[in-house]
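Predicted model only: the values in this text are computed from it and were never measured. Values reported hereafter were calculated over all heavy atoms of this structure, with side chains retained and with hydrogens, waters and symmetry mates removed.
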Amino acid sequence: MNSLKQIFGGDTRQFGMIFALVALVVFFQWRTGGKTLTSVNMMNLFNGNSYILILAIGMVLVIIAGHIDLSVGSVAAFVGIVVAIAMRDWGIPWYMGALLGLVLGALIGAWHGFWVAYVGIPAFIVTLAGMLLFRGANQSVGNSLTVPVPEGFRYLGAGYLPEVGPNTGYNNLTLLIGFALVAFVIYNEIRGRRRLAKIHADLPPTWVPVTKVVLLSAVILYATYLFATGRPGTSFPVPGLILGVLVIIYAFISNKTILGRHVYAVGGNRHAAELSGVQSKRVNFMVMMNMSILAALAGMIFVGRSTASGPSDGVGWELDAIAAVFIGGAAVTGGVGTVVGSIIGGLVMAVLNNGLQLLGAGADDTQIIKGIVLLVAVAFDVYNKSQGKPSIIGLLTRNFGGGSGGGKSSAPTPQPAPTEQAVGTKEVITHDV
């Protein structure tokens with residue numbers, strides 16, 4: 001126990017969600033006779049859940065800011081049908097269709113953001129109206145019919161990295177990505193240790209960072225092997241690559257930028273943030289617009305994988321995204337949460353879904369189990385916070401991208417009280433978002 005505490009930097013009881021994810025993988029690997037950790041299943045898992053994980057990235061920022069978005073499934077479905085019809089009837093190339101979808105998502109997000117930020121209507125009401133509005137618009141524009149999309153657009157949701165370079169028996173691009181991630185893990189650990197040494201802070205024993213690097217590198221390399229050794233014509237999925245890029249970008253934004261700090265400040269205590277100079281209306285507008293852009297992207301990825309857009313697309317997506325965020329350690333009251341934590345929460349639900357399908361569980365049993373997992377995970381995290389312990393995921397990911405998510409909150413700016421809120425944002429309020 002002491003060794004684990006030194007490696008991860010906290011009480012081992014607070015790593016429940018990571019342990020739950022690992023335990024689920026091990027359990028289903030055993031119960032399915034080794035079918036879980038196979039190349040084909042891992043590719044299917046990423047292809048089948050990437051759009052929900054993308055929604056979770058946007059949803060966590062919305063929830064951190066103290067809002068909720070119930071419209072994301074309907075927005076995704078509406079954008080999907082409009083893009084599909086535009087490519088079929090107007091003859092525009094698939095990449096222009098994708099650009100059209102992102103622009104349409106931005107316009108819808110601006111519509112939601114206007115009502116939330118500048119009119120002052122609660123986001124719950126605005127997005128509930130948007131859920132009804134854009135669900136109806138999807139069925140009206142598409143006449144409740146299925147519209148196929150061209151081959152190029154399908155690559156967005158079901159494509160794989162191409163084969164390049166010499167024939168090594170593996171997918172070379174997948175290998176390069178895996179090795180690059182390992183190099184980044186090593187570099188990040190060395191940089192963090194040097195930063196601590198520079199300020200004359202207490203350094204952990206050398207074996208601690210070495211063990212962390214070895215464990216993370218082993219996981220990355222094993223995953224790389226699975227994706228690089230699939231059946232001919234497959235490799236790391238394109239949706240997974242898009243997801244990975246988005247995680248890096250949004251983790252950086254939330255931890256390292258003025259806008260990210262302002263989102264946490266507004267969610268923690270809006271009035272204190274405004275007194276410190278934070279423009280809360282602009283922050284709320286941005287998070288709502290960003291959510292709809294990511295919803296549009298998620299919708300297009302799903303349509304590409306499904307090869308067609310239909311009237312039932314997007315049903316229940318908002319609930320899956322919200323569940324992923326709360327399982328990942330976000331607080332209902334806002335001000336707490338991380339991008340990486342939401343991805344971990346989404347992966348817990350994805351592995352659970354995937355494993356139950358492999359075991360032949362029915363849809364009814366799957367829904368019951370998912371509901372129980374959501375309730376237990378959030379209750380456990382709430383209990384930890386009520387005892388003065390850090391958020392499970394916040395503690396694990398506090399060093400991701402250099403952020404500081406420890407303590408009672410996983411946010412980079414401490415939020416325990418209005419006075420501290422104002423102090424926490426003092427260094428960034430003189431800049432524009």
Exercise. Does the distance from a Lys or Arg side-chain N to an Asp or Glu carboxylate O, for Arg270 and Glu274, drop under 4.0 Å?
Worked result: yes
Exercise. Atom CD1 in Ile327, atom CE in Met349: separation rounded to 0.5 Å?
Worked result: 4.5 Å
Exercise. Which pair of heavy atoms, one from Phe134 and one from His112, lies closest together, and at what distance?
Worked result: CE1-NE2, 3.7 Å
For this session: Kindly give the heavy-atom pair with the smallest separation between Val351 and Leu24, and that separation in Å.
Result: CG1-CB, 3.9 Å
For this session: Could you label the plane-to-plane angle of the Phe184 and Tyr187 rings as parallel, tilted or perpendicular, counting under 30° as parallel and over 60° as perpendicular?
Result: tilted
Seminar exercise, completed: Closest non-hydrogen contact found for Ile121 with Val126 is CG2-CG2, 3.5 Å
Problem set entry | Sub-4.5 Å side-chain heavy-atom contact between Ile343 and Tyr250 | no
For this session: Would you give the length of the straight line joining atom CD1 of Ile186 to atom CG of Leu216, rounded to the nearest 0.5 angstrom?
Result: 10.5 Å
Problem set entry | Whether over 12 other heavy atoms sit under 6.0 Å from Tyr118 OH | yes
For this session: Could you check if a side-chain atom of Val149 sits within less than 4.5 angstrom of a side-chain atom of Val83, using non-hydrogen atoms only?
Result: no
Seminar exercise, completed: In this structure, CG of Asn255 is separated from CZ of Arg261 (nearest 0.5 Å) by 9.0 Å
Exercise. What distance separates Ile242 CD1 from Ile54 CD1, expressed to the nearest 0.5 Å?
Worked result: 6.0 Å
Exercise. Is there a donor-acceptor pair under 3.5 Å between the side chain of Arg193 and the backbone N or O of Pro204?
Worked result: yes
Problem set entry | Main-chain N/O of Gly136 paired to Ser140 side chain as donor or acceptor, under 3.5 Å | no
For this session: Identify the residue among Asn290, Ile64, Val60 that makes a side-chain contact (heavy atoms from CB on, under 4.5 Å) with Val263.
Result: Ile64
Exercise. So, the side chain of Arg154 versus the backbone of Ala308: is there a donor-acceptor pair under 3.5 Å, distance only?
Worked result: no
For this session: Begin with the C-alpha distance, continue with both residues' side-chain angles, and end with the deciding distance and a verdict on side-chain contact (heavy atoms from CB on, under 4.5 Å) for Val147 and Met87.
Result: CA-CA 10 Å; Val147 180; Met87 290 186 293; over 6 Å; no
For this session: May I ask you to test the Phe236-Leu241 pair for a side-chain heavy-atom distance under 4.5 Å?
Result: yes
For this session: Grab the two heavy atoms, one from Ser144 and one from Pro311, that are nearest each other, plus how far apart they are.
Result: O-CG, 3.7 Å
Problem set entry | side-chain contact (heavy atoms from CB on, under 4.5 Å) evaluation trace for Leu37 with Tyr222 | CA-CA 10 Å; Leu37 292 178; Tyr222 182 67; 4.0 Å; yes
Atom pairs and distances, donor-acceptor, side-chain atoms in residues 65-75, under 3.5 Å, two or more places apart:
| unit_1 | atom_1 | unit_2 | atom_2 | d |
| --- | --- | --- | --- | --- |
| His67 | NE2 | Asn284 | OD1 | 2.8 |
| Asp69 | OD1 | Ser71 | N | 2.8 |
| Asp69 | OD1 | Ser71 | OG | 2.7 |
| Ser74 | OG | Met131 | O | 2.9 |

Donor-acceptor pairs under 3.5 Å, side chain of residues 43-51 to any protein atom, not counting sequence neighbours: which ones?
| unit_1 | atom_1 | unit_2 | atom_2 | d |
| --- | --- | --- | --- | --- |
| Asn44 | ND2 | Val40 | O | 3.3 |
| Asn47 | ND2 | Met43 | O | 3.3 |
| Asn47 | ND2 | Tyr160 | OH | 3.4 |
| Asn49 | ND2 | Leu45 | O | 2.8 |
| Ser50 | OG | Phe46 | O | 3.3 |

Exercise. Do Thr224 and Phe179 come close enough that some side-chain heavy atom pair is under 4.5 Å?
Worked result: no
Seminar exercise, completed: Note: Ile63 and Ala330 closest approach over all heavy atoms is CG2-CB, 4.2 Å
Exercise. Does the side chain of Leu133 reach to within under 4.5 Å of the side chain of Phe78, using non-hydrogen atoms?
Worked result: no
Exercise. Hey, does the side chain of Ser235 reach the backbone of Leu161 with a donor-acceptor pair shorter than 3.5 angstrom?
Worked result: yes
For this session: May I ask you to test the Ile108-Val79 pair for a side-chain heavy-atom distance under 4.5 Å?
Result: yes
Exercise. Per the side-chain contact (heavy atoms from CB on, under 4.5 Å) rule, which among Leu102, Val103, Leu107 passes with Ile293?
Worked result: Leu102
Problem set entry | Atom pair CZ (Arg135) and CG (Asp313), whose distance is rounded to the nearest 0.5 Å | 7.5 Å
Exercise. Quick check, are the ring centers of Trp94 and Tyr155 under 6.0 angstrom apart?
Worked result: no
Exercise. What heavy-atom pair brings Ala251 and Ser254 nearest, and what distance separates the two atoms?
Worked result: O-OG, 3.1 Å
Exercise. Any side-chain heavy atom of Met59 sitting closer than 4.5 Å to one from Met291?
Worked result: yes
Problem set entry | Candidate pair Ile199 and Arg195, rule side-chain contact (heavy atoms from CB on, under 4.5 Å), full reasoning | CA-CA 7 Å; Ile199 61 176; Arg195 186 167 57 244; 5.5 Å; no
Problem set entry | Spacing of Leu352 atom CG and Gln357 atom CD [to the nearest 0.5 Å] | 10.0 Å
For this session: Check whether any side-chain heavy atom of Leu246 lies under 4.5 Å from a side-chain heavy atom of Leu294, and answer yes or no.
Result: yes
Exercise. Any donor and acceptor pair, going by atom type alone, linking the side chain of Ser342 with main-chain N or O of Thr338 inside 3.5 Å?
Worked result: yes
For this session: Before giving the answer on side-chain contact (heavy atoms from CB on, under 4.5 Å), spell out for Leu55 and Asp320 the whole-Å C-alpha distance, their side-chain angles and the decisive distance to 0.1 Å.
Result: CA-CA 9 Å; Leu55 290 177; Asp320 288 334; over 6 Å; no
